[in-house]
Amino acid sequence: MDVMPQQDPESRRPPEPSPQDPQDPYAMPAEGATAVPPPPPTLRTTLRRAAFGAVAAGVLLAGALVAVPDGDRNAPKEPGPVERAEAAATAGSPASLSDLTALIGDRQKWVESHPDDAPSWATLGSAYVEWGRRSADAAYYGRAEEALKRSLDARPGERGNGEAWVGMAALANARHDFLAAKRWGETVRKQDPKAWSVYPVLIDAYTGLGDQKAATAATEKFGELRKGVPALARTADLYRGQGWREDALATAREAADRAKEPAEKAEALHRLGELAWERGEPEEAVAQFDAALRTDSGHHASLAGKARALVALERTDEALAAYQSAVTGLPRPEYVLELGELYESLELDGDARSQYEKLGGLLEQAKAAGVDESVIRARYESDHGDPAVAVELLRGQWKKQHRSAAVAHALGWALHRAGKSEEGLEYAQQAVDTGVRNASYAYHLGVIEQQLAQYGPARRHLEEALRTNPAFSPLDAPKAREALETLGEPSPGGPGDTQPPPPPPPAPVPEPKRESEPEQRPERKQEPKLESPRPEAPAPAPSKTAPAPSKAAPSSPAAVEADASKSP
């Protein structure tokens with residue numbers, strides 16, 4: 001099958017697999033990533049190189065180990081797209097989309113005449129996973145599962161087909177089934193602890209489960225086994241998730257400096273753009289995203305990131321154009337939700353509804369393909385739909401041990417929106433306590449605390465949100481400033497849960513004139529302040545015998561009660 005990569009996104013799509021005979025014993029139904037339970041990790045075997053001089057290949061970006069037949073090493077020719085994709089995979093780096101397309105076409109053609117080549121089926125399956133992830137087309141996950149199962153049928157994992165097991169782990173991560181990904185990955189690690197290609201999928205699985213300790217250990221081990229840009233990128237992501245901004249930035253810059261291939265360079269520059277955005281530096285973010293797009297014009301994730309930063313710079317028309325291009329080239333649900341909320345912030349309700357309807361369609365497609373998008377759907381339901389539905393979805397995630405900071409944050413906010421702020425506080429606090437520097441996390445925690453009359457912590461977290469990124473959301477950032485203004489300035493008495501400023505006291509009612517009192521003369525108009533002191537009148541100058549101001553004028557209802565109790 002001849003695959004000729006072009007510049008437009010549609011023509012760069014991988015070719016459709018050849019139709020299979022319904023009676024073909026290798027044909028398999030499309031099932032979820034957990035349909036085939038991982039084998040028990042009791043046997044120790046060695047990952048072997050495949051037949052026909054195959055080379056064990058590393059993961060693409062998702063971390064899947066692949067193996068492909070070598071070409072003629074003696075032929076003096078420039079590397080073609082297939083060879084470039086193989087080289088990227090062997091290094092654990094992302095391949096360009098055109099090279100990835102060529103690799104898929106090459107493996108499809110090969111397995112048609114070599115149906116028992118387990119490594120080539122594993123290559124094809126892993127490439128499908130990567131294409132589905134980078135194109136936001138979940139339909140490719142079903143094809144990936146079929147190819148990986150055929151690989152395992154041709155050679156079980158216990159007999160050395162660890163690359164297919166890693167492919168299954170990458171597929172489970174792509175479908176957000178992190179518990180299954182953990183089982184597949186740990187099976188490979190127990191069989192061969194030095195198989196570096198299994199650690200990226202383990203890092204993703206542990207992160208999705210909220211197991212920071214295990215994710216840290218896997219990242220460190222990956223860095224020991226595989227030096228270079230892939231290890232630096234993973235380390236930067238680890239630091240970012242723990243809120244270590246300076247370390248994350250330094251490591252990400254080193255990765256960008258050392259990246260060579262365009263796809264790898266674009267990923268590194270995109271990471272720098274994300275870090276700048278989270279620091280509240282939209283100009284720097286735009287610069288980094290533009291650099292990524294100059295390196296790889298098809299890097300639509302950078303286009304979406306640029307749109308987000310342009311909103312913060314109040315370059316709204318440019319932001320809308322960038323968002324629209326991004327969701328056309330890479331229709332990820334989170335980008336569609338962001339565009340809908342931008343329209344809503346601009347009071348373009350019809351356009352917002354159109355995006356929300358599109359979001360619903362994407363979520364249905366993902367569900368049909370076995371992808372669990374509960375978190376993004378819950379985000380929508382919490383703010384634009386039914387918060388009770390969001391709570392139900394996220395409780396299900398929590399039961400499945402998906403306890404990352406993102407899930408904890410979403411569950412806390414959903415509970416608050418559903419009228420269960422006290423319960424929501426626990427989850428919102430847990431998300432912030434992970435250390436991640438996310439303005440939305442701090443904002444939602446502050447709102448929940450304000451609802452629970454915890455005014456001191458509420459003020460602190462709202463200030464933190466706006467300090468972290470003053471334009472973190474076109475809808476929520478203005479609400480954060482409004483909530484902070486409502487709380488007012490902290491009490492001069494020191495830290496504590498202070499209440500919002502009380503309303504101004506009512507104007508005093510003048511006492512009725514007594515009948516025996518003679519008519520007031522003009523010159524006595526200067527004396528009312530001596531007979532009926534008004535609250536807004538200036539206090540008399542302090543003297544040695546005057547009582548302390550705090551005792552004369554209690555500043556809270558509780559203090560007034562205390563003074564009243566002391567009266568005879």
Side-chain angles (χ1 to χ4, degrees), residues 5-14 59-63 81 84-85 87-89 91-104 127 129-138 140 174 200 204 229-230 232-234 236-237 240 248-249 252-278 281-311 315 318-336 338-339:
Q6 302 296 326
Q7 292 303 313
D8 59 288
E10 185 64 28
S11 62
R12 292 190 304 184
R13 295 172 66 85
V59 291
L60 297 165
L61 185 60
R84 289 196 298 268
S93 299
S96 70
L97 289 177
S98 58
D99 291 350
L100 185 59
T101 301
L103 176 62
I104 289 174
V129 172
E130 179 69 357
W131 181 269
R133 189 188 66 81
R134 291 174 61 183
S135 66
D137 189 347
Y140 280 89
D204 290 339
V229 175
L232 289 170
R234 288 288 180 172
D237 290 341
R240 176 185 176 187
L249 180 59
R253 280 177 175 164
E254 184 178 357
D257 290 342
R258 295 175 60 176
K260 304 261 183 228
E261 297 301 321
E264 184 179 63
K265 189 82 169 180
E267 281 290 322
L269 292 168
H270 174 80
R271 183 176 291 102
L272 287 173
E274 290 289 338
L275 288 169
W277 162 250
E278 290 176 358
E281 300 175 3
E283 297 91 348
E284 174 67 14
V286 169
Q288 296 294 350
F289 290 133
D290 277 339
L293 290 165
R294 286 194 298 271
T295 304
D296 180 0
S297 60
H299 203 269
H300 298 291
S302 289
L303 197 56
K306 178 181 177 180
R308 200 179 301 124
L310 288 171
V311 174
R315 294 160 61 180
E318 295 175 71
L320 288 171
Y323 261 130
Q324 289 161 357
S325 297
V327 299
T328 299
L330 187 64
R332 288 180 177 168
E334 56 266 36
Y335 300 159
V336 177
E338 288 177 15
L339 178 55

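- Residues passing the side chain to side chain donor-acceptor pair (under 3.5 Å) test with Glu261: none are found, sequence neighbours excluded.
- Taking the side chain to side chain contact (heavy atoms under 4.5 Å, CB included) definition, one finds that Ala255 meets it with Val229, Leu232, sequence neighbours left out.
- Take Ala233 and apply the side chain to side chain contact (heavy atoms under 4.5 Å, CB included) test, not counting sequence neighbours, and it matches Arg271.
- The distance from the CG atom of Leu310 to the CD atom of Glu283 is 10.5 Å, given to the nearest 0.5 Å.
- Listed by chain and number, the residues in a side chain to side chain contact (heavy atoms under 4.5 Å, CB included) with Asp257 amount to none (sequence neighbours excluded).
- For the residue pair Ala252 and Ala236, the shortest heavy atom distance occurs at N-CB, 3.8 Å.
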*Test Leu303 against Phe289 for side chain to side chain contact (heavy atoms under 4.5 Å, CB included), laying out the working first.*
CA-CA 7 Å; Leu303 197 56; Phe289 290 133; over 6 Å; no
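- Here the CZ-CG distance, from Arg134 to Leu330, works out to 10.0 Å after rounding to the nearest 0.5 Å.
- Residues satisfying the salt bridge (charged side-chain N to carboxylate O under 4.0 Å, His left out) criterion with Glu254, sequence neighbours excluded, are Arg258.
- Nearest heavy-atom pair across Ala248 and Arg240 is CB-N, 3.7 Å.
- From Lys265, atom NZ reaches atom OG1 of Thr295 across 7.0 Å, with rounding to the nearest 0.5 Å.
- Looking at residues two or more places apart in sequence or on another chain, you find no salt bridge (charged side-chain N to carboxylate O under 4.0 Å, His left out) involving Arg294.
- Evaluation of the side chain to side chain contact (heavy atoms under 4.5 Å, CB included) rule for Pro282 yields Ala309, Ala312, Leu313 as partners, not counting sequence neighbours.
- Taking both residues in full, the closest heavy atoms of Ala326 and Ala304 are given as CB-N, 3.8 Å, listed atom of the first, atom of the second, then distance.
- Distance CG/Asp204 to CG/Asp237: 9.0 Å, rounded to 0.5 Å.
- Partners of Arg308 by salt bridge (charged side-chain N to carboxylate O under 4.0 Å, His left out), not counting sequence neighbours, listed by chain and number: Glu274, Glu338.
- Gln288 meets the side chain to side chain donor-acceptor pair (under 3.5 Å) test with Glu284; sequence neighbours excluded.
- Thr101 places a side-chain N or O within donor-acceptor distance of the main-chain N or O of Leu97, the cut-off being under 3.5 Å.
- When the side chain to side chain donor-acceptor pair (under 3.5 Å) test is applied to Arg253, no partner is found at least two apart in sequence or on another chain.
- Residue Ala268 comes nearest to Ala256 through the heavy atom pair CB-CA, 3.5 Å, listed as atom of the first residue, atom of the second, then distance.
- Applying the ring pair (Phe, Tyr, Trp, His ring centres under 6.0 Å) criterion to His299, with sequence neighbours excluded, gives His270.
- Residues satisfying the side chain to side chain donor-acceptor pair (under 3.5 Å) test with Lys306, not counting sequence neighbours, are Asp290.
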*Tell me, with the steps shown, if Val129 and Tyr140 meet side chain to side chain contact (heavy atoms under 4.5 Å, CB included).*
CA-CA 7 Å; Val129 172; Tyr140 280 89; over 6 Å; no
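- Nearest heavy-atom pair, Glu264 versus Lys260, reported as atom, atom and distance to 0.1 Å: OE1-N, 3.4 Å.
- Listed here is the closest heavy atom pair of Ala263 and Pro94: CB-O, 3.6 Å.
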